[in-house]
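I have placed the structure first, in the form of structure tokens, so that the comments after it can refer back to it.
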Amino acid sequence: MTAPRDIERSSLGSAVSHSLSVSPTAAFHSPLSSSQGGFLAGSLPHRAAAAKQLKPFSTEDIKILLLENVNQTGRDILKAQGYQVEFLKTSLPEDQLIEKIRDVHVIGIRSKTKLTAKVLQEAKNLLVIGCFCIGTNQVDLDYAAKHGIAVFNSPFANSRSVAELVIAEIISLARQLGDRSLEMHRGTWNKVSSKCWEIRGKTLGIVGYGHIGSQLSVLAEAMGMSVIYYDVLTLMAIGTARQVPTLEALLEEADFVTLHVPETPETKNMISAAQFERMKTGSYLINASRGSVVDIPALIKAMRSGKLAGAALDVYPNEPAANGDYFVNDLNAWAEDLRGLSNIILTPHIGGSTEEAQRAIGIEVAEALVRYINQGITVASVNLPEVTMRQLTLDEPNHARVIYIHRNVPGVLRRVNEILAEHNVDKQISDSKGDVAYMMADISDVKVEDIKEIRDSLDALNSRILTRVLY
Ligand SMILES: NC(=O)c1ccc[n+]([C@@H]2O[C@H](COP(=O)([O-])OP(=O)(O)OC[C@H]3O[C@@H](n4cnc5c(N)ncnc54)[C@H](O)[C@@H]3O)[C@@H](O)[C@H]2O)c1
Ligand SMILES: O=C(O)CC[C@@H](O)C(=O)O
């Protein structure tokens with residue numbers, strides 16, 4: 001490997017001419033994949049030929065910034081590729097994030113780092129974002145797609161962890177465990193049974209019956225609860241759960257309401273004063289989805305009036321970037337009111353924070369990043385069309401993989417294929433998602449000098465978002 005150099009995003013995808021001028025022979029003798037034939041190599045079973053790892057750059061030229069304590073499993077996978085990996089335990093304030101993001105090709109985050117258009121427009125070298133979590137609401141996905149920046153996440157590796165936490169909270173709220181434990185910590189013995197309940201036979205209302213909601217449904221039924229759910233989609237009920245037609249119907253029937261919807265404009269303050277009114281007196285609310293989904297001042301009123309017998313919150317409109325004594329009114333104006341309530345469990349966004357979940361997420365997202373960086377495969381991307389292609393092998397010399405991310409307008413493929421027409425197009429695939437399209441083609445009989453010309457010609461098309469030529 002060569003010594004690290006600063007290379008720009010445009011030259012990353014097109015570092016071919018640069019690399020070739022350094023070592024023309026190496027151009028068509030890329031190193032074997034470290035996980036040759038394995039999942040990382042993106043291998044689709046076809047034949048036993050040795051897989052060729054596509055790297056039109058020295059791997060150590062790839063600069064990765066990992067924030068928010070991304071798990072060791074993910075760090076190891078990325079380092080094993082030879083990439084330069086900088087790792088920070090916390091998120092960064094916007095000004096520091098902007099400084100750092102200018103320099104990197106890949107950024108890995110969790111839920112706290114806000115990758116807004118303002119931040120992303122400074123990220124001139126950025127190829128891909130890895131969200132080492134489920135939620136992707138912290139990223140401006142549309143801006144990223146329109147600028148050819150792929151985004152990957154881990155859609156269900158922590159679902160079980162969240163579902164288990166919610167089960168624990170249902171029992172804890174029903175038995176007022178938080179309060180009893182706090183009292184004992186203060187030296188107070190307070191043995192009570194008034195308003196403490198079994199959960200057997202109670203109704204759990206799940207709002208959002210996706211990966212977490214449906215997993216929770218199974219666990220809750222196993223504990224003897226009746227389950228109803230509300231979702232914008234008509235979804236198959238698991239076990240004896242029952243879908244109800246409206247949120248209001250769910251609120252009126254459930255003893256426990258638990259929220260598992262994504263953060264969207266439609267779910268902002270989805271549970272506010274009117275919804276608390278609809279809930280049964282003495283019922284409970286659990287929110288482990290996103291802080292924007294519940295109107296907290298309205299929740300405080302519902303708790304104080306006795307409408308709610310308890311609540312558990314894992315997520316908040318504003319969450320601090322690092323651990324510390326930050327859960328005060330400076331962060332959220334009502335923080336201290338919330339802290340003063342009885343039978344309310346407040347946790348610091350730990351729904352997915354288990355060793356099992358974080359390890360699995362580290363592997364899943366890091367592997368997706370490697371496949372994208374090295375081979376251009378977008379399968380599981382949340383914002384680009386999903387495109388995959390059998391990888392090139394070492395017995396296919398003089399091949400190159402052309403990736404062209406472009407605006408989804410008529411006539412582009414004709415022009416692209418005119419540019420590729422001098423070569424044999426061995427395989428080609430194209431797909432679109434909204435305004436953005438992704439074309440990948442493997443071409444053969446490519447001479448060293450052709451590659452720069454292909455790239456320059458594709459770059460000159462006015463539909464271009466990003467061109468990468470991997471070989
Ligand atoms: N607390 C944590 O640590 C933690 C961990 C993982 C996920 N989450 C949050 O939980 C959310 C749900 O996760 P998931 O994996 O189950 O997601 P999912 O995408 O599998 O399921 C979400 C469900 O919500 C439904 N939905 C969307 N908008 C709706 C609306 N307006 N009304 C009713 N239903 C609606 C969808 O149709 C879908 O079935 C994530 O988006 C994330 O924000 C939090
Ligand atoms: O680990 C995190 O920061 C986020 C956890 C969770 O909210 C998710 O979206 O997966």
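Keep in mind it's a predicted model, so treat the numbers as computed, not measured. Every number for a ligand or one of its atoms is a count from 1 in the order of the listing. When a residue number appears, it is its place in the shown sequence, counting from 1.
- Salt-bridge annotation for R407 and D435: absent, with no side-chain N of the basic residue lying under 4.0 Å from a carboxylate O of the acidic one.
- Applying the 4.0 Å criterion to heavy atoms of M270 picks out, from ligand 1, the atoms 30 (C), 32 (N), 33 (C).
- Ligand 1 lies out of reach of L165, whose nearest heavy atom is not under 4.0 Å from it.
- Closest to atom 21 (O) of ligand 1, if we only count protein heavy atoms, is G210 CA, 3.2 Å.
- Residue nearest to atom 10 (O) of ligand 1, selected from S214, G291, S289: S289 (by heavy-atom distance).
- Residue G208 has at least one heavy-atom neighbour below 4.0 Å for each of these atoms of ligand 1: 23 (C), 24 (O).
- K280 and E253 are not joined by a salt bridge, as no carboxylate oxygen comes within less than 4.0 angstrom of a charged side-chain nitrogen.
- With Y284 as the partner, the side-chain contact (heavy atoms from CB on, under 4.5 Å) test is satisfied by one option alone out of N343, D255, I344: N343.
- Taking atom 3 (O) of ligand 2 as the reference point, the nearest protein heavy-atom neighbour is S111 OG, 2.7 Å.
- Of all the atoms in ligand 1, the ones that sit under 4.0 Å from a non-hydrogen atom of R290 are 8 (N), 9 (C), 42 (C), 43 (O), 44 (C).
- Atom 3 (O) of ligand 1 has its closest protein heavy atom at G352 N, 3.1 Å.
- Taking atom 31 (N) of ligand 1 as the reference point, the nearest protein heavy-atom neighbour is T267 CG2, 3.5 Å.
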Any chance you could lay out the salt bridge (Lys or Arg N to Asp or Glu O under 4.0 Å) test for R160 and E356, step after step, and finish with the verdict? CA-CA 10 Å; R160 172 71 187 203; E356 291 91 339; over 6 Å; no

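- Ion pairing between a basic and an acidic side chain is recognised when a charged N comes within 4.0 Å of a carboxylate O; E183 and R180 show such pairing.
- Set against the non-hydrogen atoms of N158, the atoms of ligand 2 under 4.0 Å away are 8 (C), 10 (O).
- At a heavy-atom distance under 4.0 Å, only side-chain atoms of D314, from C-beta outward, approach ligand 1.
- Within 6.0 Å of atom NZ in K195, 12 or fewer heavy atoms from other residues, nucleotides or ligands are found, so the atom counts as exposed in its surroundings.
- The closest approach between Y230 and ligand 1 falls below 4.0 Å for a heavy atom of the residue.
- Proximity of E263 to ligand 1 is not established, as no heavy-atom distance is less than 4.0 Å.
- The protein non-hydrogen atom at the shortest distance from atom 40 (C) of ligand 1 is I134 CG2, 4.1 Å.
- In this structure, the protein non-hydrogen atom closest to atom 30 (C) of ligand 1 is V232 CG1, 3.6 Å.
- Side-chain contact annotation: H349 with T347, donor-acceptor N/O pair under 3.5 Å absent.
- With a 4.0 Å cut-off on non-hydrogen atoms, H211 touches ligand 1 through its backbone as well as its side chain.
- Closest to atom 10 (O) of ligand 2, if we only count protein heavy atoms, is I134 N, 2.5 Å.
- T264 does not count as a contact of ligand 1, since none of its heavy atoms falls under 4.0 Å from the ligand.
- Atom 5 (C) of ligand 2 has H349 NE2, 3.7 Å as its closest protein atom, hydrogens excluded (heavy atom only).
- Around atom 25 (C) of ligand 1, the closest heavy atom drawn from L216, V207, D231, I361 belongs to D231.
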The test is salt bridge (Lys or Arg N to Asp or Glu O under 4.0 Å); show your working for E86 and K100 and say whether it passes. CA-CA 10 Å; E86 182 181 353; K100 287 253 178 213; 2.5 Å; yes

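- Ring centroids of Y316 and F327 are separated by less than 6.0 Å, placing the two rings close together.
- Short contacts between ligand 1 and H260, defined as distances under 4.0 Å to a heavy atom of the residue, involve ligand atoms 12 (C), 22 (C), 23 (C), 24 (O).
- Ligand 1 has A288 within reach: a non-hydrogen atom of the residue lies less than 4.0 Å from it.
- The protein heavy atom nearest to atom 27 (C) of ligand 1 is P262 CD, 3.4 Å.
- Heavy-atom proximity to H349, at under 4.0 Å, picks out these atoms of ligand 1: 1 (N), 2 (C), 3 (O).
- With salt bridges taken as basic N to acidic carboxylate O contacts below 4.0 Å, one links R102 and E99.
- Judged purely by atom type and a 3.5 angstrom limit, Y404 uses its side chain to pair as donor or acceptor with the backbone of R464.
- When the heavy-atom distances from atom 7 (C) of ligand 1 to L233, T347, I212 are ranked, the shortest goes to I212.
- Residue-environment remark: CG (N323) stays at or below the threshold of 12 foreign heavy atoms within 6.0 Å.
- Residue L235 touches ligand 1 through its side chain alone, judged by heavy-atom distances below 4.0 Å.
- A cation-pi arrangement, defined by a distance under 6.0 Å to the six-membered ring centre and an angle within 45 degrees of its axis, is present between R468 and Y372.
- Judged by the 6.0 Å distance and 45° axis criteria, R75 is positioned over the aromatic ring of F87.
- Across the listed options R290, R110, E319, R290 owns the non-hydrogen atom lying nearest to atom 9 (O) of ligand 2.
- Applying the 6.0 Å contact sphere to NZ of K301 captures no more than 12 heavy atoms from other residues, nucleotides or ligands.
- Looking at V261 against ligand 1, both its backbone and its side chain come within 4.0 Å, counting heavy atoms.
- The pair E248-R278 does not meet the salt-bridge criterion, since no charged nitrogen lies less than 4.0 angstrom from a carboxylate oxygen.
- Close approach to G135 involves these atoms of ligand 2, each under 4.0 Å from a residue heavy atom: 8 (C), 9 (O), 10 (O).
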Please assess T113 against E68 for the test side chain to side chain donor-acceptor pair (under 3.5 Å), listing each intermediate value before the final yes or no. CA-CA 8 Å; T113 306; E68 301 188 57; 2.6 Å; yes

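- Near C133, meaning under 4.0 Å from any of its heavy atoms, are these atoms of ligand 2: 4 (C), 8 (C), 9 (O), 10 (O).
- In summary, K114 and D140 do not engage in a salt bridge, as defined by a charged side-chain N under 4.0 Å from a carboxylate O.
- Atoms of ligand 1 lying under 4.0 Å from any heavy atom of N158, numbered from 1 in the order shown and given with element: 5 (C), 6 (C).
- The contact set between ligand 1 and V162, taken as ligand atoms under 4.0 Å from a residue heavy atom, comprises 4 (C), 5 (C), 6 (C).
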